Colleague: 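Supplied in structure tokens, the structure appears directly below.
Below, chains carry the letters A, B, ... as their sequence lines are ordered, and counting in each starts from 1. It should be emphasised that the depicted structure is a prediction, and the values quoted were computed from it without experimental measurement. Hydrogens, waters and symmetry mates play no part in the numbers below; they use all other heavy atoms, side chains included.
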There are 2 protein chains.
Amino acid sequence: MQQRGGNGGRVTIAEVAERAGVSTATVSRVLSGRGQASAEMRRRVQKAADDLGYRVNSIARALRNSRTDTVGMVVPSITNPFFTSLVESVEHALGREGKELFLCDAQSDPEVEARRLASLVARNVDGIIVSPSHGTASGPAVQETADRLPLVQLDRFVGGTDTDWVGVDDIAAMRQVVDHLHEGGARSAAFVGSRLTNSSSEQRLEGFRRRAADLGMAVRDAWILLDDYTVEWGEAAVAELAAGSPGGPPDAIVCADDLIALGVTRACRAHGIDVPGRVQVTGFDNIEFARLGEPALTTVDQPRDRIAAEAVRLLAAAAEAAAGGDAAPGSRAHIALVPHLVVRDSTRAGGPR
Amino acid sequence: MQQRGGNGGRVTIAEVAERAGVSTATVSRVLSGRGQASAEMRRRVQKAADDLGYRVNSIARALRNSRTDTVGMVVPSITNPFFTSLVESVEHALGREGKELFLCDAQSDPEVEARRLASLVARNVDGIIVSPSHGTASGPAVQETADRLPLVQLDRFVGGTDTDWVGVDDIAAMRQVVDHLHEGGARSAAFVGSRLTNSSSEQRLEGFRRRAADLGMAVRDAWILLDDYTVEWGEAAVAELAAGSPGGPPDAIVCADDLIALGVTRACRAHGIDVPGRVQVTGFDNIEFARLGEPALTTVDQPRDRIAAEAVRLLAAAAEAAAGGDAAPGSRAHIALVPHLVVRDSTRAGGPR
DNA sequence: ATGAAAGCGCTAACAA
DNA sequence: TTGTTAGCGCTTTCAT
């Protein structure tokens, strides 16, 4: 119908103004609900806008306001169920503030990640939530972005950066895991994780080692297996473990995430290793599929909603500080929430039977 | 450092121009790579930009160009692995065109979906890819959006709309499924799907019914169970099936997606029903977890990359047509790709044994 | 209460 | 080749 400019025929505020016989200023005031306007004006403007099918052009609005009401989020992989559920939580938390989410997938590649971050900056998002792909390589891009915009790191934390962070206390979590396994009778244990390229992995291994040592559990070097956060790696690790353990496998296999644990339990089944009878297995994250494993996985539940809420809160605070003209970066917050253990069937709850 | 306006201290093209001692037009030409500029100019401008840490403000650029190089995508649920992998495919296809993806989750709710679509329009995305949440309720919002922007429906199709569509031929897919089960010895079958609120569900049931009838397989009304695309529903359905089948369960259970099938196989295990010995089970989509079922699922593999590529192609074509000033909507394309069966362990390949 | 007008940062005619 | 300038659609002083 309305054909104008290179605009694809979109109705502008000027057209609404003309039809209503008022100025563009009045239309803006009425439609954005700011400022005063008589009831009569409101009615007329509203009608004209409805008749024309007017929709605000948020690009123009963003340029004028230098605010987009949009938060960018970058995750290592959108196909990892843990991150998708985290995204969901963040989206809900943002929705409560009337903000929207611009989601980017970094494909677990720091270079792609850097491009995504740059693009989010160019788009003037109000803030950025990022779960860095790599424990060191992600550093420069993350820091550079944080220098320009409010930014909070989620779940994982990159070395060499100075930004807000929200995640779980991996050390405390692993302590619960190892204690539980020990109660279930485990006196030796293996750890299957990802290469130490991100903080989660490092911290979880560290927490595992520390508590296992405390309890005097046997942990051989050959039982620390690091590669990838994938089901395939979990499966392969069991083969390595079986091959590399002359005296038989350890009593327990602690996995750095649920995908790995799912692979581990699957391979155990294939190798005829009874879980939890012969070997106890634990995961981490409590993704939806964790309960679907055979047996259902004992794992660590991450308080996603809480993590998301805290992140959004920090972002809002940072935005406010920036708007207040605080050139100096305020102090940073590192918020570690303590997750809880979800006991299912892949461990021997309540001691040996 | 640079503090200016309400801009958060971002460097503008004017500042770069000043530092380089040239006009803003020259800076624009150099940095966007369009138009001519001497080597000397390019050097000077580039240096000034680098020194200042200039980054283009894509909001301003978008307002000027009325193009954002961004495509919006709306999926029913970001936690459904099928959609996330579809998103990944779309992102890759878009990346090849230098475009980015703005992803929205409709939470399987047509109202949320309508809001997302409106927001994408407001943001001036160049086009929209949507997998509608509901077979009828999604109609008005989708059509209204399609009237304003290039839009293609993916996977699912809403009744009462006139837009491009790319997906799979569900009828042909189901034919393959039923044939395979029949070869495996099945003479009766149940169907577990979602309430008939979307085209996939409808089509798949229709395809199932038709082929089962062709082959003379028994299909009782009590064996058509419709609720949700969830694992939980798959589990519940088995209980209903067991309770409601005096003469014993059917020889096969055809599921409308892999999540349901995963629930079904799990419940069968719990009920001591051997799969595929007593009952054969099939899924649909071939999500990553399909092979992790116990037994691994026979399912229908959707050609995601192909679907994504076609969608992006259609969008580009529509954008071009729109730019060419074609006010009249061109003819619509409905592209149905034929998926192929992936045979794993939940069915009896090659006839009864 | 309403309107006129400036300007957010960028690009593309058009001039020089 | 380079510069001047208008203007994308919106919001917001500042007058009236």
Colleague: If you compare every side-chain N and O of A:R34 against the phosphate oxygens of D:dT12 (OP1, OP2), does one of them come in below 4.0 Å?
Modeller: yes

Colleague: Measure the distance from CG on A:N65 to P on C:dA6 and round it to the nearest whole Å.
Modeller: 20 Å

Colleague: Give a yes or no on whether a donor-acceptor pair under 3.5 Å exists between the nucleobase atoms of D:dG3, that is its base, and the side chain of B:R29.
Modeller: yes

Colleague: Give me the ring orientation class for A:F102 and B:F102: parallel if the planes are under 30° apart, tilted from 30 to 60°, perpendicular past 60°.
Modeller: tilted

Colleague: Output the rounded distance in Å from CD (B:E18) to C1' (D:dG3).
Modeller: 16 Å

Colleague: Measure from the side-chain heavy atoms of B:N57 and tell me the nearest of C:dT11, D:dT2, C:dC10.
Modeller: C:dC10

Colleague: State whether A:T26 places a side-chain N or O below 4.0 Å from either non-bridging phosphate oxygen (OP1 or OP2) of C:dG3.
Modeller: yes

Colleague: Determine: side-chain N/O of A:S38 to OP1/OP2 of C:dT2, distance under 4.0 Å, yes or no.
Modeller: yes

Colleague: Spell out, as yes or no, whether a donor-acceptor pair under 3.5 Å connects the side chain of B:T145 to the backbone of B:A141.
Modeller: yes

Colleague: Both B:A25 and B:R64 contact DNA chain D. Taking the nearest nucleotide for each, which residue is further toward the 5' end?
Modeller: B:A25

Colleague: Could you check whether B:E113 pairs with B:R116 (Lys NZ or Arg NE/NH1/NH2 to Asp/Glu carboxylate O, under 4.0 Å)?
Modeller: no

Colleague: In whole angstrom, what separates A:I13's CD1 from C:dG7's C1'?
Modeller: 15 Å

Colleague: Using whole Å, what does the distance between atom P of nucleotide C:dC8 and atom CG of B:L63 come to?
Modeller: 13 Å

Colleague: Out of C:dT11, D:dC10, D:dT2, which nucleotide sits closest to the side chain of B:A37?
Modeller: D:dT2

Colleague: With the side chain of B:R61 defined as its heavy atoms from C-beta on, choose the nearest nucleotide among C:dT11, C:dA1, D:dT11.
Modeller: C:dT11

Colleague: Is any NZ, NE, NH1 or NH2 atom of the basic residue among A:E15 and A:R19 found under 4.0 Å from an Asp or Glu carboxylate oxygen of the other?
Modeller: no

